Amino acid sequence: MAEVTLQQVTKTYDQEIRAVRNIDLTIADGEFVVLVGPSGCGKSTTLRMIAGIEDVTSGSICIGNNNVTNLPARKRNIAMVFQDYALYPHMSVAQNLAFGLERRREYGSSCKSLLSGAYRKQKLVENADIRNRVQEATELLGLTNELERKPKALSGGQRQRVALGRAIVRDPQVFLLDEPLSNLDAKLRRTMRIELRALHKRLGVTMIHVTHDQEEAMTLGDKLAVMDNGIIRQFDTPANIYDRPADRFVASFVGVPEMNFIEGEIRGSQFVSTDVTIKIPAERLPTTDAKNVVLGIRPEDITVTSGNSATVNNFERHGDHTDLFLTIGETQLSAREHGASTQSECVDFDINTNNVHFFECGENGSRL
Ligand code: ADP
């Protein structure tokens, strides 16, 4: 187990694409951290640099007390799990699990005399150790009945477990997981999320997981690094990311439907826009004296009642709740209704002013 530290890490491809820009990140020993963000924001590049399968252009990476920036992947004591599992199709589950270990050992002992008695004795001990490790991993992952099967005879979930098992047998200091659940259907993804959390708890090892799926990130991570265009916009717990997003990018990336944004002005204790005027509790007013602001409000903090100040344009039923898409003058808002939906064409709406957010104006304005 080990802490992972990135200092001012930058990756430039072809001297122009800055995939990752001056990232600082400290992942505590034993923490489960998720790198999340839209496609192309630099998540995989960051993970691959930690793994050592991509060079850094500048900056440094430490695992534990070792500066590994210039070490090859095999010397970093990490294990990586990929989206496409990367299993050997002609090998059984047991062989897939043991193969990486055997190859590493062979590499390690390639300088020794293959004929020496000491070498043969050491080999026997190593083989027993490999068998034990494979057995432990298969028990942990519920794969004991699958040991002799080939990958093609396994379900998607089982294949992903084998890929995890291959990482576990190596007993690495850090697990790196690159979109490992993306090829699974929605139901299995949820099951595997629970299994991954449980596995992390049992192993207590540092895990770094990449996904573009905000729900997966929120449910898996002790902490999330929300990335955008090569930078980390916020590194925080899921609760803080949701309740205190650092800027508009983070606020809109997390939560479905996304947070509503309304441009307007602070006038005394009121927020005033073209279509909406709301009294804001003193403790919720922006702490700066900014006048022009963007108000952010999540759909679940807007409730509808009977009335006719807003038009219902559309709705999506989810069983336990309905998302309503409203128009008030020129302003579009999404609101959430619990239980049976109104089915009215016009409604009134209430904003829970205790949960409003304020941001600077502009595309990715910071939290005020
Ligand atoms: P993500 O994992 O967030 O989808 P990536 O880290 O794969 O994003 O990519 C970040 C940026 O770097 C993208 O613009 C991508 O096109 C670019 N990129 C990634 N790998 C290469 C490469 N080998 N050569 C050139 N550009 C690359």
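Here the structure is a predicted model, which is why all the values come from computation and not from measurement. We count ligands from 1, going down the list as the structure has it; atoms in each ligand are counted the same way.
Between K43 and ligand 1, at least one pair of N/O atoms sits closer than 3.5 Å.
There is a protein heavy atom closer than 4.0 angstrom to atom 11 (C) of ligand 1.
Here is the list of ligand 1 atoms found below 4.0 Å of a heavy atom in A19: 10 (C), 11 (C), 12 (O). Listed by number with element, the atoms of ligand 1 under 4.0 angstrom from any heavy atom of C41 are 1 (P), 3 (O), 8 (O). Under a 4.0 Å criterion applied to the non-hydrogen atoms of G42, ligand 1 contributes the atoms 1 (P), 3 (O), 6 (O), 8 (O), 10 (C). Less than 4.0 angstrom separates some heavy atom of I17 from each of these atoms of ligand 1: 26 (N).
Considering only non-hydrogen protein atoms, atom 24 (N) of ligand 1 sits nearest to Y13 CD2, 3.5 Å. Protein heavy atom in closest approach to atom 6 (O) of ligand 1: T45 OG1, 2.5 Å. Closest protein heavy atom to atom 7 (O) of ligand 1: S44 CB, 3.9 Å.
By the 4.0 Å N-to-carboxylate-O rule, D222 lies close enough to R197 to be salt-bridged with it. Using a cut-off of 4.0 Å between Lys/Arg side-chain N and Asp/Glu carboxylate O, E136 and R133 are scored as not salt-bridged. Salt bridge annotation for E31-K223: present, with a cationic side-chain nitrogen under 4.0 angstrom from a carboxylate oxygen.
At least one heavy atom of G40 sits closer than 4.0 Å to an atom of ligand 1.
Residues L196 and L220 meet the side-chain proximity criterion, which asks for heavy atoms closer than 4.5 Å.
Both cation-pi conditions hold for R298 and Y242: the charged atom is under 6.0 angstrom from the six-membered ring centre and inside a 45 degree cone around its axis. In this structure, R367 forms no cation-pi arrangement with F358, as its terminal cationic atom is not both closer than 6.0 Å to the ring centre and no more than 45° off the ring axis.
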TODO: Go through F99 and Y88 one step at a time and tell me if the ring-ring contact (aromatic ring centres under 6.0 Å, His included) criterion holds.
DONE: CA-CA 9 Å; F99 183 70; Y88 300 106; 5.0 Å; yes
